[in-house]
Enquirer: 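Pasting a structure below so you can have a look.
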Number of protein chains: 2
Amino acid sequence: MEAASKPRPGANGRGRRATRVSGDDRERAILETAGRLLEEKPLSEISVDDLAKGAGISRPTFYFYFPSKDAVVMTIVERLVEAATGSRDEVLATLAEAGPRAGLEKALENLYAAFRSRPGVVRAGADLRATNHREAQELWTQVMEGWVDDVTAMIEFERDRGAAPAGQPARELAIALVQMNERVQYATLLGETPSLEGDRVLDVLIDVWLRAIYGSAE
Amino acid sequence: MEAASKPRPGANGRGRRATRVSGDDRERAILETAGRLLEEKPLSEISVDDLAKGAGISRPTFYFYFPSKDAVVMTIVERLVEAATGSRDEVLATLAEAGPRAGLEKALENLYAAFRSRPGVVRAGADLRATNHREAQELWTQVMEGWVDDVTAMIEFERDRGAAPAGQPARELAIALVQMNERVQYATLLGETPSLEGDRVLDVLIDVWLRAIYGSAE
DNA sequence: GGACTGTATCAACACTGTGTCGAGAAGTTC
DNA sequence: GAACTTCTCGACACAGTGTTGATACAGTCC
């Protein structure tokens, strides 16, 4: 965060090739190296030296660009989360237009697609959040809160217009459903055992959502 | 595991107080220290030295009893999991006798109760599983598989006798529901945001389970 | 009661990884 | 070409892990 904003060479419009690579390039190289390594091995097995070497610099020089290994990972995770969250408005529109099943399908598919391409980054994010790291926890809290708010609103809307029956408080139901999605998709993404097959996740989750929201118990 | 079984002084029935504390006592002291510290701070902030000091021994002596910090934690986690899983038969009986709602209530309450008393240990277990650690992953896989099997059988039984409608394959539904429980209860236990209040977890989860199993979509 | 054996203990070491400091090189600005 | 900013890294200090080898102590066996 503030890590990434320290070196700001601004518009360095050099026409001749520089003997020395620019700071921006170095920063990018570090991020790319981290991204690549994360798909190969867990965060705990990647050292600052690995990142520095991968970016063609020495370890102390690494610290010129980022305050720590975690800061690099946070930058990557933040960008991925941003990309994944970006399409929210679009989804809400679909939900309103095309009805619950199609809307949910689109929402979950969007999310899953965003994370599917970078399982290593997802795992690293989870590691960070588990191990302490306030920033990571806050980031994920915000993301989860956002989704919970959306789902809560959706459930209340459906209940108000009589499409869904009453039941547990909307927000509580929303929390359970959103957390289910997180866990189930994470397990599938990382190939845990047991976990759902990649091509079954959406069907199963959507079914539970619809039954939980629109079905009535017993 | 093999760590805990190395020092086996057997029956050391001394009548006079020993100038030196016995190996068993040391081992217990290490486990107790770890258990205590885990409720104070995350695993990552506990060093082998902390455990050794807590047990009144030097760091090298620690390695006489356990091969690593993780081995200590694994021992503690295993015992907790064992205690939590122990009551399964009893639960299955309740389920058969008292019907789905009461059976589920009992099952989830049992689980939650077992883990509720040691949030630090639960967190440490999750940390271990996240960070690598094959043993921890295998342990949790076994536990999850056990629950998934039980729930799968239960769903199939209910469908066969006509109490529950057809739907997604029983095992896949079971996976989603079991993983939802894991996530939701973990979040509550550790006081994440967002998460359900401790006294609301069971109500909400049971509702989703019943609707997912007995309700029909749309 | 002395040699023998297994259990237990720890100072000292080797190693891996983190993060900092200070000296200086390389490019930019005036 | 002096001053300034950006960038680089060798050398250091530190924290933690895990190992080695010497040693102590407690119970035998004879």
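Numbers restart at 1 for each chain; the letters A, B, ... are given by sequence-line order, proteins then strands. Just so you know, these numbers use all the heavy atoms, side chains as well, and skip hydrogens, waters and symmetry mates.
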Enquirer: Rounded to whole Å, how long is the line connecting atom CZ of B:Phe66 with atom C1' of C:dT9?
Expert: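 Nearest whole value for this atom pair: 17 Å.
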Enquirer: I want to confirm an ordering. Mapping A:Val48 and B:Gly56 to their closest nucleotides on DNA chain C, which one lands closer to the 5' end?
Expert: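 Nearest nucleotide further toward 5': that of B:Gly56.
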Enquirer: Starting at CZ of A:Arg26 and ending at C1' of C:dA26, how long is that distance when rounded to a whole Å?
Expert: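 Between C1' of C:dA26 and CZ of A:Arg26: 12 Å.
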Enquirer: Just compare C:dT18, C:dC10, C:dC13 and give me whichever is closest to any side-chain atom of A:Ser47.
Expert: C:dT18
Enquirer: Given atom NZ of A:Lys53 and atom P of C:dT18, what is their separation to the nearest angstrom?
Expert: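 Atom NZ in A:Lys53 sits about 11 Å away from atom P in C:dT18.
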Enquirer: Are B:Glu138 and B:Arg129 within salt-bridge range, i.e. N to O under 4.0 Å?
Expert: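 No, no charged N to carboxylate O under 4.0 Å.
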Enquirer: Within this structure, what is the CG-to-P distance between B:Asp70 and D:dG18, rounded to whole angstrom?
Expert: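 After rounding, the reported distance stands at 8 Å.
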Enquirer: Would the distance check show the side chain of A:Thr188 and the main-chain N or O of A:Gly198 forming a donor-acceptor pair, the cut-off being under 3.5 Å?
Expert: no
Enquirer: Establish, with yes or no, whether the OP1 or OP2 oxygen of D:dT8 is under 4.0 angstrom from a side-chain nitrogen or oxygen of A:Tyr65.
Expert: yes
Enquirer: Ignoring hydrogens and geometry beyond distance, is a side-chain donor-acceptor pair present between A:Gln168 and B:Arg200 at under 3.5 Å?
Expert: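 Distance-only check passes for A:Gln168 and B:Arg200.
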Enquirer: Does a side-chain N-to-carboxylate-O contact under 4.0 Å join B:Arg28 and B:Glu32?
Expert: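 No, B:Arg28 and B:Glu32 are not salt-bridged.
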Enquirer: Quick check: any donor-acceptor pair below 3.5 Å linking the side-chain of A:Arg59 to the base of C:dG17?
Expert: no
Enquirer: Of A:Ser68 and B:Pro60, whose closest DNA chain C nucleotide lies nearer the 5' terminus?
Expert: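 Per heavy-atom nearest nucleotide, the more 5' residue is B:Pro60.
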Enquirer: Would you kindly give the CZ-to-P distance between A:Phe62 and C:dT18, to the nearest whole Å?
Expert: 9 Å
Enquirer: Rounded to whole angstrom units, what separation is found between the CG atom of A:Asp25 and the P atom of D:dT8?
Expert: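 Answer to the nearest Å: 10 Å.
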Enquirer: Check the distance between D:dA15's P and B:Asp50's CG and give it to me in whole angstrom.
Expert: 13 Å
Enquirer: Of the options C:dT18, C:dA11, D:dT8, whose atoms approach the side-chain atoms of A:Thr61 most closely?
Expert: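 So the nucleotide nearest the side chain must be D:dT8.
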Enquirer: List the atom of B:Gln179, the atom of A:Pro194, and the distance in Å for their closest heavy-atom pair.
Expert: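 Heavy atoms only, the tightest pair is NE2-O, 3.1 Å.
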Enquirer: In whole angstrom, what separates A:Phe64's CZ from D:dC7's P?
Expert: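 Interatomic distance, CZ of A:Phe64 to P of D:dC7: 5 Å.
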